[in-house]
Amino acid sequence: MAILASQKITQSGLKPVYTAALVAGDIIVNTGIEYFHVKNGSAISVTASVTPVISTVIDPELGTLVKEVASLTLTAGEAGFLGPFETEAFNSPTGQLTLTYTAVTSLTVAALYI
């Protein structure tokens with residue numbers, strides 16, 4: 001796994017730098033404002049996912065609340081955004097989260113924030 005540097009979008013704009021997605025997944029330090037831009041250059045559909053560390057919470061008034069896996073399916077040639085992610089639900093104890101993929105051939109990713 002690689003730790004991706006989050007790139008800030010400013011009024012001046014940003015030409016994001018994309019990296020090849022890794023089979024083991026990619027990691028970012030998550031402060032709650034980061035999101036991913038994923039580009040699928042392959043000929044197959046690919047799903048990018050972030051699994052919450054805490055998947056259920058019991059609220060005294062609302063009962064059991066379930067946090068679903070955040071996932072984005074991109075058909076061949078599509079690009080899309082995934083995130084942002086709540087720190088309480090998605091962060092590891094070190095403040096990071098991991099993006100995983102169903103396939104990585106011709107898949108690139110950039111971590112962004114405003």
Side-chain angles (χ1 to χ4, degrees):
M1 289 187 207
I3 297 179
L4 300 177
S6 296
Q7 303 168 65
K8 185 175 183 176
I9 301 171
T10 66
Q11 281 186 334
S12 304
L14 172 71
K15 292 180 182 177
V17 175
Y18 291 86
T19 60
L22 297 178
V23 171
D26 290 298
I27 298 170
I28 63 167
V29 174
N30 180 42
T31 65
I33 60 172
E34 291 78 13
Y35 56 95
F36 294 102
H37 188 229
V38 183
K39 298 189 320 185
N40 180 9
S42 74
I44 63 169
S45 290
V46 175
T47 300
S49 302
V50 178
T51 302
V53 175
I54 298 173
S55 57
T56 59
V57 175
I58 299 174
D59 182 275
E61 294 182 21
L62 301 174
T64 301
L65 304 173
V66 177
K67 186 67 176 177
E68 301 291 333
V69 171
S71 63
L72 174 69
T73 300
L74 301 169
T75 60
E78 278 191 318
F81 296 94
L82 185 62
F85 307 94
E86 301 92 339
T87 57
E88 299 84 9
F90 288 97
N91 281 13
S92 70
T94 59
Q96 299 173 330
L97 59 79
T98 303
L99 179 65
T100 58
Y101 318 97
T102 55
V104 296
T105 301
S106 299
L107 190 72
T108 57
V109 61
L112 309 170
Y113 71 99
I114 296 176

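What you are looking at is a predicted structure, and each value in this text was computed from that prediction instead of being measured.
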> Can you tell me how far CD of E68 sits from OG of S55, rounded to the nearest 0.5 angstrom?
9.0 Å
> Within the structure provided, determine whether P16 and L112 are in side-chain contact (heavy-atom separation under 4.5 Å).
yes
> Indicate the atoms forming the closest heavy-atom contact of E88 with I54, along with that distance.
O-CD1, 3.3 Å
> Taking only residues at least two apart or on different chains, which pairs with a member in residues 3-35 satisfy ring pair (Phe, Tyr, Trp, His ring centres under 6.0 Å)?
Y18-H37, Y35-F81
> Please list, one pair per line, the donor and acceptor atoms closer than 3.5 Å that link side chains of residues 56-63 to other protein atoms, with sequence neighbours excluded.
{"residue": "D59", "atom": "OD1", "partner": "E61", "partner atom": "N", "Å": "2.8"}
{"residue": "D59", "atom": "OD1", "partner": "L62", "partner atom": "N", "Å": "2.8"}

> Would L14 and Q7 count as a side-chain contact (heavy atoms from CB on, under 4.5 Å) if you check the C-alpha gap in whole Å, the side-chain angles of each, and the deciding distance to 0.1 Å?
CA-CA 8 Å; L14 172 71; Q7 303 168 65; 3.9 Å; yes
> If you take all heavy atoms of G32 and T87, which pair is closest and at what distance?
N-CG2, 3.6 Å
> Looking only at heavy atoms, which two atoms of N30 and E34 are closest? And how far apart?
OD1-OE1, 3.2 Å
> With a 4.5 Å cut-off on side-chain heavy-atom distances among I, L, V, M, F, W and Y, is there a chain of contacts connecting V69 to V66?
no
> Evaluate the side-chain hydrogen bond (donor to acceptor under 3.5 Å, both in side chains) criterion for residues T47 and S71: first the C-alpha distance (whole Å), next the side-chain angles of each, then the deciding distance (0.1 Å), finally the verdict.
CA-CA 7 Å; T47 300; S71 63; over 6 Å; no
> Using a side-chain heavy atom cutoff under 4.5 Å and only I, L, V, M, F, W and Y, what cluster partners does L74 have?
L4, V23, I28, F36, V38, I44, V46, V50, L72, L82, F85, F90, L97, L99, Y101, V104, L107, V109
> Compare all side-chain heavy atoms of Q96 with those of N91 and state whether any distance is below 4.5 angstrom.
no
> So, are E86 and K67 salt-bridged, with charged N and O less than 4.0 Å apart?
yes
